[in-house]
Amino acid sequence: MLGPPTITFVIPVYNGSATVGDVVKDIQEHFRGEDFEIVLVNDGSQDDSESTCRELRERYPGLITYVHLAHNFGEHAAVLAGLNHAQGDYVAVLDDDGQNPPREVRRLFEEIQKGSADVVYGRYRSKRHGRLRNLGSWFNDAMANAMLKKPRDLYLSSFKIMNRFLVDQITKYKGPFPYIDGLILRTTSSIGQIEVEHVSRPTGKSGYTAKKLVSLWLNMFLNFSIAPLRAAVFLGLITSAFSILLLTGIVIDKIYINPNLTIGIPTVLVVQTLFAGVQLVVLGTIGEYLGRLFLDHSKRPQFVVRYCRERSEP
């Protein structure tokens with residue numbers, strides 16, 4: 001039976017058969033002599049990632065735990081699945097595409113060992129993502145500042161390392177729609193970051209799509225903040241106050257300025273449209289919350305593991 005390692009590398013894999021092998025090889029080269037493990041989580045890949053991960057496990061016996069999810073649950077769910085299988089005193093999370101060089105984990109590892117932070121994020125000196133992902137990252141960062149009270153100088157990258165205390169707290173979360181950074185921010189304020197290198201993707205293209213970026217934003221927007229409800233209330237109050245002012249102006253104009261002026265149908269339609277818009281915003285926001293409460297109550301799973309091969313298994 002293998003004992004707990006010093007550091008665990010959690011790598012969510014999605015259509016990464018062409019790159020994940022090089023990532024594992026780089027980890028082994030840069031951490032040779034260290035006590036570490038790797039947890040590969042196949043998140044419903046449509047390519048040969050399953051066979052690739054199984055081959056890597058055979059090539060590096062006693063090093064890799066392979067977790068195979070039943071279908072694609074999303075990056076954050078896959079990371080959470082990996083955290084549930086991570087045994088290390090420290091857990092590093094990095095992508096399967098090679099854009100987070102394993103040699104940079106060494107610097108994150110040295111920083112978190114100083115003991116002043118529960119998590120250390122890697123802040124990219126120069127990002128090598130595509131325009132869509134960069135735009136989505138900027139938008140999510142701006143929303144995190146407003147919704148989650150994130151420090152403005154903190155960049156929430158997927159490249160980070162956490163200590164055992166933080167991992168144990170995160171894995172206590174059993175609700176649907178996990179958002180790892182939201183769980184981190186609501187658990188601890190001991191957060192660090194250092195600048196790291198971000199390299200170009202060696203092959204293929206990013207698995208991030210506009211749909212996935214919107215889904216990630218909704219997870220943060222609705223699961224970890226009640227700010228949308230408060231915004232809906234303020235929007236309703238402001239719109240109602242504005243409508244009262246307009247109606248007061250119409251009455252004054254009718255009585256004192258233009259008594260012969262007929263109040264037209266367009267005015268009525270504008271007022272109705274205004275109130276209808278506010279109602280739709282408020283009801284839609286409440287509906288999202290109620291829908292998520294329903295899914296939580298119905299025990300919608302964060303992820304479903306089809307099978308798992310622990311590193312200690314032959």
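The basis for the numbers below is simple: all heavy atoms, side chains too, and nothing from hydrogens, waters or symmetry mates.
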With a cut-off of 3.5 Å and sequence neighbours excluded, list every side-chain donor-acceptor pair involving residues 60-69.
unit_1 : atom_1 : unit_2 : atom_2 : d
T65    : OG1    : E310   : OE1    : 3.4
T65    : OG1    : R311   : N      : 3.0
Y66    : OH     : N42    : ND2    : 3.1
Y66    : OH     : H68    : ND1    : 2.7
H68    : ND1    : N42    : ND2    : 3.3

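The OG atom of S157 sits 12.0 Å away from atom CD of Q99, with the distance rounded to the nearest 0.5 Å. Rounding to the nearest 0.5 Å places NZ of K160 at 10.5 Å from CG of L108. Atoms CD1 and CG, from I38 and L40 in turn, are 6.5 Å apart once rounded to the nearest 0.5 Å. A distance of 9.0 Å separates CZ in F36 from CD1 in I7, rounded to the nearest 0.5 Å. Here the CD1 atom belonging to I170 is positioned 10.0 Å from the CZ atom belonging to R186, to the nearest 0.5 angstrom. Between the OH atom of Y121 and the CD1 atom of I191 there is a distance of 6.0 Å, given to the nearest 0.5 Å.
Ion pair E195/R125 flagged as a salt bridge, since at least one NZ, NE, NH1 or NH2 atom sits closer than 4.0 Å to an Asp/Glu carboxylate oxygen. A salt bridge links R107 with E104: the distance from a Lys NZ or Arg NE/NH1/NH2 to an Asp or Glu carboxylate oxygen falls below 4.0 Å.
F109 and Y90 have their aromatic ring centers within a separation under 6.0 angstrom.
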How far apart are the C-alpha atoms of K114 and E111, what are their side-chain angles, what is the distance that settles it, and do they pass the salt bridge (Lys or Arg N to Asp or Glu O under 4.0 Å) test? CA-CA 6 Å; K114 295 177 182 178; E111 182 67 22; 3.1 Å; yes
Working for salt bridge (Lys or Arg N to Asp or Glu O under 4.0 Å), residues E197 and R103: CA-CA 9 Å; E197 183 182 0; R103 64 179 177 273; 2.8 Å; yes
Steps toward salt bridge (Lys or Arg N to Asp or Glu O under 4.0 Å) verdict (K150, D181): CA-CA 10 Å; K150 177 187 74 68; D181 297 315; over 6 Å; no
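With hydrogens and angles ignored, the 3.5 Å screen pairs no side-chain donor or acceptor of S190 with any backbone N or O of A117. No side-chain donor-acceptor contact under 3.5 Å links D43 to the backbone of Y14. The backbone N or O of N15 lies less than 3.5 Å from a partner atom in the side chain of S45, making a donor-acceptor pair.
Two residues are said to be in side-chain contact when any heavy atoms from C-beta on lie closer than 4.5 Å; V39 and I11 fail this criterion. Side-chain contact between Q193 and Y155 is present, with at least one heavy-atom pair separated by less than 4.5 Å. Between Y173 and T171 there is no side-chain heavy-atom pair separated by less than 4.5 Å.
Partner N163 forms a side chain to side chain donor-acceptor pair (under 3.5 Å) with one of D118, T188, D89, D168 and no other, that one being D118.
In terms of heavy-atom proximity, E75 sits nearest to S158 at OE2-CB, 3.7 Å. In plain terms, the two heavy atoms of M162 and L166 that are nearest each other are CG-CD2, 3.7 Å.
A donor-acceptor contact under 3.5 angstrom links the side chains of N100 and Y124, judged on distance only. Inspection of the Q169 and T187 side chains reveals no N or O donor paired with an N or O acceptor under 3.5 Å.
Among residue pairs with one or both ends in residues 46-74, none qualify as salt bridge (charged side-chain N to carboxylate O under 4.0 Å, His left out); sequence neighbours excluded.
Both the sub-6.0 Å distance and the 45° axial angle are satisfied by R106 relative to the ring of F31.
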